[in-house]
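Some notes on the structure that comes next.
Everything quoted here is computed from the prediction, not taken from an experiment.
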Amino acid sequence: MRHVRLGLMAATVLAAAAFQAGTAMAGEIVVGLQCDRTGPTQTVGTFLCPGYHDYVKLVNSRGGIMGNQVRVMEIDHEYKVPPGMEAYQRFKKEGAVIVGIYGTPHTQALTPLLHEDRIPGTSPGFGSAGAANGEKYPYLFPIAATYWSQAAVGVKFAKEQLGGVLKGKKIAYIYYDNPAGREPLPVLHMLRDLEGFELKEFAIPPPGVEMKVQVQDIARRYRADFVLNHTFGKAPSVSINEFTRQGYPLKKMIGFVWAAGESNIMGAGGWAKAQGFHVMQFAGAGSKYQVLDDIKAMYKAEGKDAPKEMESTVYYNRGLMAAAVHLKGIENAVKAKGGSSKITGEDVKNGLEQVKDFSLGGILPPMTLTAKDHEGGGWIRVFQVQGDGFVPVSEWQHGYREAVMEMVTKGH
Amino acid sequence: MFHRESGYFKTSYKADMALYPLPIGKVAATGFVLLFLVVAPTVLDEYYLSIINIAAIAVVGALGLNILLGYTGQISIGHAAFMSVGAYTAANFAVHFDMPFWVTLPAGGLMAAAIGTLVGLPSLRVKGLYLAIATLAAQFIIEWVLNHTPLISGGVQASIEMPRPVFFGNVLNTQSELYFFILPVTIVAIIATMNLVRSRIGRAFVAIRDQDIAAEIIGINVYRYKLLAFAISSFYAGVTGVLYTYYFGIANYEAFQLPISIDYLAMCIIGGLGSVLGSIFGAVFITLLPIVIRVFMETVGVLFVDGVYLAQVIAQMRLILFGGLIIFFLVVEPEGLNKLWRNIRNYFRVWPFSY
């Protein structure tokens, strides 16, 4: 019976410690953050979420938002939907005024709930392109270029690289064969008809580690003039190596935002193996930004080293960007309430829609959120692998904005 | 006179077949039904009801897999795929034909049962690990088909927005409303399974599990019952998928991928193979444990770790503790939580005069 007692003890200890959830204190603003540090996308989450926390910590260390401290409540959901739903309910219970959603199915499942509960949610890099339409989804804020905007910038960049004319040029679109991978297709088809280029699609079946045939086809048979690379996970690394092996110049290729991290380059064998590779970023890559120096200084003042997650600048900066936009929206809401911490999700939603030309020293695009445009302008900056890092080769830009927004409004 | 019985003895077939061998079982079952239908929704707030909702859905799925795995002895690693079949069937019916939940629930289940029977065909020839791989193939094939058939999966996103269930004109929106939608289904599933496993069919399943050649010799049509087990199990999976779809408000295959199948296998094994109560224990355990560990870490962790790193520590410790506790419980009692519970129960039945 020793075992029984042992089991009972373990159960009691766990039960006793559990369910002591606190509620928001006075002068405290709660934000909810979903994260995936342990699931299939942990290579992103382990860097993205610390970026979020560090920025909030920085703001708090400077006295918070008009004297109100911000508490981040992070819940790791392993990219599974039921824990994500539970996480959202917990945020709601704790009185969160904004929720950072992580994951495409989570975004879709939470969209109606956000609307019912009047809590704004952000989904940078997740969810569908239609969410940019703030009139249709008033409480969902992609706050970063959707796949449609990315595809448009990709075509625009190809046009610039190919001498300003796309007519008769051959563009290959190599993509991970899942919904996210296929999502840009309508925009690409629209732009093909508009610009008169030839488009050929090459699907990489999951898990995306075998693409020799497709790459050979692009490089040797189809002889594409430019390649749009929309892959995830391990696939970007594999594609860099595979294109190099086939002798295709990497400078004639651009990777979408999830093929654009340091980990993708490391996976391909380091910076030297990826020279010339273009990538799209919706938050600035690299570490030459004032806000990052401020965070380092903050840690130094505490007598600590800067977190090692900062070395993965792409994902870290994206987390920072989400935090910056969240806090900007909250700041606007607090201002509207005259400095009170008693704000609701609705206030924050309105606050977000007043964010205008917010770039935080260049780490963010000149973001402008409106009641109609929850994407913030669909900004992308193109970076290129040069030497030991990503070097910006363009300004913040968007491509074919009117045509894309027309499709968004129509709800294609 | 006040005394305790020394054990329980059955003197008739009727007693042997009884749903509750002891009167206390009936009392406890009624008590639990009352607790969950009356007390819980009045006492608990939305957040706790949402946890019960998620756990209750998982119970249905775990019951289904346990019928196949625990009672019939056939393994399936495609359980989540069958859920996605149910999910998309219901979503299509609800969106395109405007059907209410009392049509989509059985429809999703039946479609999953049909596909499940098809996938179960290899079980007639292969066993054990080989069958595991055959059903694993089903997981990938179904995923692929959903991903590439816009006709079923509703376009390029492979997701269909599901309207909320409507009950006599009332849209079930909040967690407490959904609670009264999900819990009755779970209760029906539990009662149905309890009755199934003591019926002729259930006993045939057990005979096949214990020794299929012997089962065939005593006149059980092994082929028929194996396929029936797959069909019933997939029906449960389909219903689970429909419940998830109504709960999430979206049918999306990304919610039904391989790790989910593995989760359900874990529920059955940790809860206890071949037991209804075990399925419930397993589903609740796997659903609640990460939450409980997280809350535990949030309370205890702040004492040791600095705020920003706490999130990282919680996420990692949760996995470590989760794995550790699963090993702990399985080492303490390899037959699962159900056996653990029976040990406790039997201990207290004769307490304090144990022998």
Of the listed residues (A/Pro112, A/Gly45, A/Pro206, A/Ser128), which shares the most heavy-atom pairs with chain B below a 4.5 Å separation? A/Ser128
Side-chain ion pair, A/Arg90 and B/Glu46, N-O less than 4.0 Å: no
Honestly, the part of A/Asp117 sitting under 4.5 Å from a heavy atom of chain B is neither
With only heavy atoms counted, which part of A/Pro307 is less than 4.5 Å from chain B, the side chain, the backbone, both or neither? both
Those residues that, when tested against B/Asn147, pass side chain to side chain donor-acceptor pair (under 3.5 Å) (two or more places apart): A/Arg182, B/Tyr253
Taking NZ in A/Lys304 as the centre, count heavy atoms belonging to other residues, nucleotides or ligands within less than 6.0 Å. Is the count above 12? yes
Answer with yes or no whether the side chains of A/Arg37 and B/Gln312 bring together a donor and an acceptor at under 3.5 Å. yes
Please flag which part of B/Ile260 lies under 4.5 Å from any non-hydrogen atom of chain A: side chain, backbone, both or neither. side chain
Using a cut-off of under 4.5 Å for heavy-atom pairs, which of A/Leu113, A/Leu185, A/Thr38, A/Asp54 has the most such pairs with chain B? A/Thr38
For A/Lys296, does the NZ atom sit with more than 12 other heavy atoms under 6.0 Å from it, leaving out its own atoms? yes
Under 4.5 Å heavy-atom distance to chain A, tell me which part of B/Gln175 shows up: side chain, backbone, both or neither. side chain
Side chain, backbone, both or neither of A/Asp177 within contact of chain B (heavy atoms, under 4.5 Å): both
Roughly how far, to the nearest 0.5 Å, is the NZ atom of A/Lys80 from the CD1 atom of B/Ile54? 12.5 Å
When rounded to the nearest 0.5 Å, the distance separating CD1 of B/Ile250 from NE2 of A/His106 is 12.5 Å
Tell me, yes or no, whether the heavy-atom count around B/Asn170 atom CG, taken from other residues, nucleotides or ligands under 6.0 Å, exceeds 12. yes
Let me know if A/Glu116 has heavy atoms under 4.5 Å from chain B in its side chain, its backbone, both or neither. side chain
Under 4.5 Å between any side-chain heavy atoms of A/Pro82 and B/Tyr247, yes or no? no
Check this for me: A/Glu309, atom CD, are more than 12 non-hydrogen atoms of other residues, nucleotides or ligands nearer than 6.0 Å? yes
Which region of B/Asn53, side chain (C-beta onward) or backbone (N, CA, C, O), has a non-hydrogen atom less than 4.5 Å from a non-hydrogen atom of chain A, or is it both or neither? neither
Under a 4.5 Å cut-off applied to non-hydrogen side-chain atoms, are B/Glu254 and A/Tyr79 in contact? yes
Where on B/Phe140 is there a heavy atom nearer than 4.5 Å to chain A: the side chain, the backbone, both, or neither? neither
Quick one: do B/Arg318 and A/Glu78 make a salt bridge, cutoff under 4.0 Å? yes
Under a 4.0 Å N-O cut-off, is there an ion pair linking A/Asp76 with B/Arg294? no
Region of A/Thr104 in contact with chain B, defined by heavy-atom distances below 4.5 Å: side chain
With only heavy atoms counted, which part of B/Gln257 is less than 4.5 Å from chain A, the side chain, the backbone, both or neither? neither
Candidate list A/Glu94, A/Lys92, A/Glu86, test side-chain contact (heavy atoms from CB on, under 4.5 Å), partner B/Tyr47, passing option: A/Glu86
Contact part of A/Tyr52 toward chain B, heavy-atom cut-off under 4.5 Å: side chain, backbone, both or neither? neither
side-chain contact (heavy atoms from CB on, under 4.5 Å) between A/Lys93 and B/Tyr48, worked out: CA-CA 10 Å; A/Lys93 182 183 161 64; B/Tyr48 297 107; 3.9 Å; yes
Against chain B, label A/Tyr147 side chain, backbone, both or neither, depending on which of its atoms sit under 4.5 Å from a heavy atom there. neither
